[in-house]
J.: 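To start, I am sharing the structure in question, which I have written as C-alpha cells.
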Protein chains: 2
Amino acid sequence: MKLKEAHYEFIHLWGNFGSQWGINKTMAQVHALLLVSEDAMSTDDIMDALSISRGGANMNVRELMTWNLIYKVSKLGDRKEFFEAEKDMWEVSKRITRERKRREIEPLMHHLVRLKRVDKNEKGAESFTKMLGDIERLVDRVDKVSDTLMRAEENAFFGSIIRLLK
Amino acid sequence: MKLKEAHYEFIHLWGNFGSQWGINKTMAQVHALLLVSEDAMSTDDIMDALSISRGGANMNVRELMTWNLIYKVSKLGDRKEFFEAEKDMWEVSKRITRERKRREIEPLMHHLVRLKRVDKNEKGAESFTKMLGDIERLVDRVDKVSDTLMRAEENAFFGSIIRLLK
DNA sequence: CAATACTTTCAGTATTTATTGAAAATTTGT
DNA sequence: ACAAATTTTCAATAAATACTGAAAGTATTG
C-alpha cells in the first residue's frame, strides 16, 4: 500500500473512531491529517486536503487548539497561520483524558453529589444514594488509575507497577 | 429534594452524559430509568415514564440487552415481558468496557495493524508506522490496566496494587 | 384454531448536529 | 491611515441520527 493511501485511510479511521466516542468526525479528521503530515499546514491546506469549507476548517482547528492537541506555528515570510499536531501519542492521550475529565466527568460528579442530598426518609432513597455513591467510587477509581497510567512514564515507582500488568 | 425528582434528574443526567460519549441518549435514559426503578418494568411502563413510542422503547430495550445491561424477567400471571437492570455498578462498568472493546477497539486495532504494512521505502513511512505502533501500544496498555482494574475486586494481589493508588 | 395479547419492524418524519459560504472583524504591511 | 491578506462569525442549509406509529409478525390462551 502507498503511504498516501495509508494516510487517507488513517484519517477516515480516526474520524469514524472519534465520532463513535462523541468527538466531532471532522475535528478528528483534521487531527489525523495533522498527525500524519510532516509539515505544518495552513487553513487552506486543510480545506483542500479534506474538502471542507473555510469556516469548518477554522472552527475545528480552533477547537483542537482548546484541547491542546495542535499548535499554531508561523512560517517565516508568510502571513498565514500554520498548524501542527502534538506527535507524542502518549501526550495526546493525556491531553484528551485531561480535557474530557475537566469538561464532562467533573460536572457529572458534581451532579451526583448533589443528587445524594435527596430526602433520606422516603422508601427507596437508600438504594438510590447507594447507587450514586457506587458510581462516584467507580469514576474516582478509574480516574486514579488513569492518573497513575499517565504518570507511569515519568515515575519509576508507578512505571514498575504498570510493568507488572504486562 | 424528593426522591422522584432526583430520579428524574438522574435519568436526564445519564442521558446527556451518555450522548456525550457516543451512546444514544434515549437508550441511556431507559438504562437510568431501570437503574433507579425498584421493580422490573414493562415496555408500557417505560413508554409512559419517558414519553417515548412503543417502537423506541422496544428498540432501546433490546439494544440494552445486547450490552448485557438489562435482563428480561417474567412476572407470574402476566403475559408481558418485564425488564430490570443489572444494579451492580461495578458489573455495569465491566460490561460497557467489554462491549466497547469488542465493538470498537478491536476493529480499530485490526486496521492499525493493517496500515502498518505500508511501503517501507517511501519517505515518511517510518514516522507513520511509528505513530501507528505508538497508538497500538497505548491502547494495549490502557486495555491491560482496565482489565486489571476490573479484576481488582476479585483478586487480592491486583486489589492491593489498586489500593496503592488511593 | 381463532381470538387476544404482546412484540417487532420500518418507512416516513422530526430532531439534532454539523457544514457552508459570504460578510464582518481583525491583523499586517507600506 | 489605508489596503490587502487573513481569520472569525453565524444565519441558512445540509446531513446524520433518532423517533413515531401503524401494520405485520409471534406467541399464548381458552
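Computed from a predicted model, the values in this text were never measured in an experiment. Lettering follows sequence order; numbering is per chain, from 1.
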J.: Between A:Arg98 and A:Ser146, does any side-chain donor sit less than 3.5 Å from a side-chain acceptor?
T.: no
J.: Looking only at the side chain of A:Thr26 (C-beta and beyond, no hydrogens), which of the listed nucleotides C:dT19, D:dT20, D:dT6 gets closest?
T.: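 So the side chain of A:Thr26 is nearest to C:dT19.
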J.: Looking at B:Glu84 and B:Lys75, does any basic side-chain N land under 4.0 Å from a carboxylate oxygen?
T.: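 Not counted as a salt bridge, because no side-chain N and carboxylate O are separated by less than 4.0 Å.
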J.: Rounded to whole Å, how long is the line connecting atom CG of A:Leu50 with atom C1' of C:dT20?
T.: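 So the CG-C1' distance, A:Leu50 to C:dT20, works out to 15 Å.
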J.: What is the distance, to the nearest angstrom, from the CG atom on A:Leu64 to the P atom on C:dA18?
T.: 14 Å
J.: Between B:Phe10 and A:Phe128, how do the two ring planes meet: parallel, tilted or perpendicular, split at 30° and 60°?
T.: perpendicular
J.: What does A:Ser51 touch in the nucleic acid at a heavy-atom separation under 4.0 angstrom: a base, only the sugar-phosphate, or nothing?
T.: sugar-phosphate
J.: Under 3.5 Å, which protein N or O atoms sit close to an N or O of nucleotides 27-30 of chain C? Give each pair with its distance.
T.:
from: C:dT28; atom 1: O2; to: A:Arg79; atom 2: NH2; distance (Å): 3.2

J.: Over how many whole Å does the gap from B:Asn16 atom CG to C:dT16 atom P extend?
T.: 11 Å
J.: State which of C:dA18, D:dT8, C:dT7 makes the closest approach to the side chain of A:Glu81.
T.: D:dT8
J.: Can you list the steps and then say if A:Lys87 with B:Met131 is a side-chain contact (heavy atoms from CB on, under 4.5 Å)?
T.: CA-CA 8 Å; A:Lys87 294 286 172 65; B:Met131 184 193 63; 5.7 Å; no
J.: Which part of the nucleic acid does B:Asp78 contact within heavy-atom distance under 4.0 Å: base, sugar-phosphate only, or nothing?
T.: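 Sugar-phosphate contact only.
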J.: Taking CG from A:Asn24 and P from C:dT20, how many angstroms apart are they, rounded to a whole number?
T.: 11 Å
J.: When you check the gap from the basic side-chain N to the acidic O, do A:Asp134 and A:Arg137 get nearer than 4.0 Å?
T.: yes
J.: Can you tell me how far P of D:dT7 sits from CE of A:Met41, to the nearest Å?
T.: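 Atom CE in A:Met41 sits about 14 Å away from atom P in D:dT7.
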J.: Determine: side-chain N/O of A:Arg62 to OP1/OP2 of D:dT9, distance under 4.0 Å, yes or no.
T.: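 Checking D:dT9 against A:Arg62, a side-chain N or O does come within under 4.0 Å of OP1 or OP2.
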J.: As a test of reading the structure: which of D:dT8, C:dT8, D:dA18 is closest to the side chain of B:Asn58, going by heavy atoms?
T.: C:dT8
J.: CD of A:Glu63 versus C1' of D:dT7: gap in Å, rounded?
T.: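 A:Glu63 atom CD is separated from D:dT7 atom C1' by 17 Å.
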J.: From CG of B:Asp45 over to P of C:dC6, roughly how many Å is that when rounded to an integer?
T.: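 So the CG-P distance, B:Asp45 to C:dC6, works out to 12 Å.
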J.: Classify A:Met59 by what it touches in the nucleic acid, base, sugar-phosphate, or nothing, heavy-atom distance under 4.0 Å.
T.: base
J.: Under 4.0 Å between a Lys/Arg side-chain N and an Asp/Glu carboxylate O for A:Arg102 and A:Glu99?
T.: yes
J.: Mind jotting down which residue pairs meet the salt bridge (Lys or Arg N to Asp or Glu O under 4.0 Å) criterion with at least one end in residues 32-51 of chain A? Sequence neighbours excluded, please.
T.: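 Those involving residues 32-51 of chain A are A:Asp44-A:Arg54.
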J.: Pick the closest DNA chain C nucleotide for B:Gly56 and for A:Ser53 by heavy atoms, then say which residue is nearer the 5' end.
T.: B:Gly56
J.: Round to a whole Å and report the spacing from CD1 of A:Ile46 to P of D:dT7.
T.: 10 Å
J.: Between C:dG21, D:dT6, C:dT7, which nucleotide gets closest to the side-chain atoms of A:Lys80?
T.: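 Taking heavy atoms from C-beta onward, the closest nucleotide is D:dT6.
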